[in-house]
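Working notes, beginning with the structure itself.
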Amino acid sequence: MVILHADADAFFAAVEQRDDPRMRGRPMVVAHEVVACPSYEARALGIHAGMPLRQVQRRWPQVLVSGYRDEAYAEASAALFALFHRFTPLVEPGSVEEAFLDVTGRDDGDPVGLARALREAARAEVGLPVSVGVGRTKLMAKLASRRAKPDGLVVVDAGLEAHLRPGLRLDDLWGVGATTYEKLHATGLFDVADLDGLDVEDLTFVVGTAMARRLVSIARGTDDATIRLPGARRSVSASRSFPATRTRSKVVAVLDTCIERAVTRVRGLDDPPRLPRRLEVLVRYDDGTTAVERAPLDAPTLDPAALRTAAGQLLEQTAYDRDGRGVTLVGVTLPLPAPA
DNA sequence: TCTGGGGTCCTAGGACCC
DNA sequence: TCTGGGGTCCTAGGACCC
């Protein structure tokens, strides 16, 4: 198997730098209140996603700021995926900016040449830097692309894989987050070599069945190289953060905007559009906690007025305006039924 | 340090049916 | 009338990803 992991570098920032010559080579961020994506030049200063924009502007006045241009990102993403599909039909999206490609049998025995061709085409035709990792499994390709960033190419061949695999830290594994690592750590397991000789039953009581199977297959080198083609979208959500507020009209106005955005995106998905049967409202407070309220709709609908009414009721259930905390984000999620 | 604005998948448990 | 076994569907909530 030959798997590529192709990953556009600092995607949102790179699109802005491509389209606006003044941004090129400069520290800049795509942000709205909070940094969503810093350019590599900005990262070099110590700026990272999630920083409040005001803090960035105070400390680094030279940093340029771009707002979001959703349409430009969607277009760039589509161009990227069209390019991926020229190399193979077996493309598994990871996000708008990255994908696994199974190019087994398509590389003329030269995976490096193929990966180079992909990077060059992305640069020439889409105008974006794309890092590529090559490996025998998705995990190895992903590790390789991580090492390749920014704007690089790394190959993990069989020899390097055999060398690397046992020493991989469990919290470096894609799919193992803080919670799972904590459980493994508490059991005395730190790296892949520690899994040697354990089987699924041994690990199930620690991390659950699905994770136990994954870990055992990673330890044995039989982990996943299967490309899963994308199915229909399962949900659409829209949210917006803002400086902490307890003003009801402000919160409701932002929520209404989110509903409009989500409805527009759902309509763009299918024709005729799938109608949500439920609605979720998300509220984040300035103490960092998050509340979600959900309820079935009276009838499946994309009518903004009906959704606003339902969302308003859910918002009231959060008691957002009565407990003294400030609200810093609101959003809606529309879960979508499977296509007919 | 775990943010923002998106998403997916897994698991547990309840409802309902035979 | 009650119990038990088994299957499916749905939802809530958590973990994880970029």
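Chain identifiers are assigned alphabetically (A, B, ...) following the order of the sequence lines, protein sequences preceding nucleic acid strands; residue numbering begins at 1 within each chain.
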Does a donor on one side chain and an acceptor on the other come within less than 3.5 Å for [X] and [Y]?
{"X": "Glu16(A)", "Y": "Tyr73(A)", "answer": "yes"}
{"X": "Asp7(A)", "Y": "Ser131(A)", "answer": "no"}
{"X": "Thr137(A)", "Y": "Asp223(A)", "answer": "yes"}

Shared ILVMFWY cluster between Val266(A) and Leu275(A), side chains joined below 4.5 angstrom?
-> yes
In whole angstrom, what separates [X]'s [atom1] from [N]'s [atom2]?
{"X": "Ile259(A)", "N": "dG5(B)", "atom1": "CD1", "atom2": "C1'", "result": "17 Å"}
{"X": "Glu92(A)", "N": "dC18(C)", "atom1": "CD", "atom2": "C1'", "result": "14 Å"}
{"X": "Arg146(A)", "N": "dC18(C)", "atom1": "CZ", "atom2": "P", "result": "7 Å"}
{"X": "Tyr181(A)", "N": "dC16(C)", "atom1": "OH", "atom2": "P", "result": "13 Å"}
{"X": "Trp174(A)", "N": "dA15(C)", "atom1": "CH2", "atom2": "P", "result": "19 Å"}
{"X": "Met51(A)", "N": "dC2(B)", "atom1": "CE", "atom2": "P", "result": "12 Å"}
{"X": "Ile47(A)", "N": "dG4(B)", "atom1": "CD1", "atom2": "P", "result": "17 Å"}
{"X": "Arg69(A)", "N": "dG5(B)", "atom1": "CZ", "atom2": "C1'", "result": "18 Å"}

Atom pairs under 3.5 Å: protein N/O with N/O of nucleotides 8-13 of chain B:
unit_1, atom_1, unit_2, atom_2, d
dT8(B), OP1, Arg234(A), N, 3.4
dT8(B), OP2, Ser235(A), OG, 3.4
dT11(B), OP1, Ala210(A), N, 3.0

Answer with base, sugar-phosphate or nothing: what part of the nucleic acid does [X] contact at a heavy-atom distance below 4.0 Å?
{"X": "Tyr68(A)", "value": "sugar-phosphate"}
{"X": "Leu173(A)", "value": "sugar-phosphate"}
{"X": "Val236(A)", "value": "sugar-phosphate"}
{"X": "Gly94(A)", "value": "nothing"}
{"X": "Ala238(A)", "value": "sugar-phosphate"}
{"X": "Glu97(A)", "value": "sugar-phosphate"}
{"X": "Val96(A)", "value": "nothing"}

Looking only at side-chain N and O atoms, does [X] come under 4.0 Å of OP1 or OP2 in [N]?
{"X": "Arg261(A)", "N": "dG6(B)", "answer": "yes"}
{"X": "Lys183(A)", "N": "dA15(C)", "answer": "no"}
{"X": "Thr179(A)", "N": "dC16(C)", "answer": "yes"}
{"X": "Ser237(A)", "N": "dG7(B)", "answer": "yes"}
{"X": "Arg265(A)", "N": "dG7(B)", "answer": "yes"}
{"X": "Ser239(A)", "N": "dG4(B)", "answer": "no"}

Using only atom types and a distance under 3.5 Å, with no angle test, would you say the side chain of [X] pairs donor to acceptor with the backbone of [Y]?
{"X": "Asp196(A)", "Y": "Ala193(A)", "value": "no"}
{"X": "Asp108(A)", "Y": "Asp110(A)", "value": "no"}
{"X": "Arg274(A)", "Y": "Pro337(A)", "value": "yes"}
{"X": "Asp107(A)", "Y": "Gly109(A)", "value": "yes"}
{"X": "Thr257(A)", "Y": "Ala253(A)", "value": "yes"}
{"X": "Ser95(A)", "Y": "Glu97(A)", "value": "yes"}

Those residues of residues 1-10 of chain A lying under 4.0 Å from DNA chain B by at least one heavy atom = none
Which nucleotide, dT3(B), dA15(C), dG5(B), lies nearest any side-chain atom of Thr180(A)?
-> dA15(C)
Tested for side chain to side chain contact (heavy atoms under 4.5 Å, CB included) against Cys37(A), the lone hit among His48(A), Arg43(A), Met28(A) is Arg43(A)
Sort out the partner of dA15(C) for me: Watson-Crick or G-U wobble, both distances under 3.5 Å, none otherwise.
-> dT8(B)
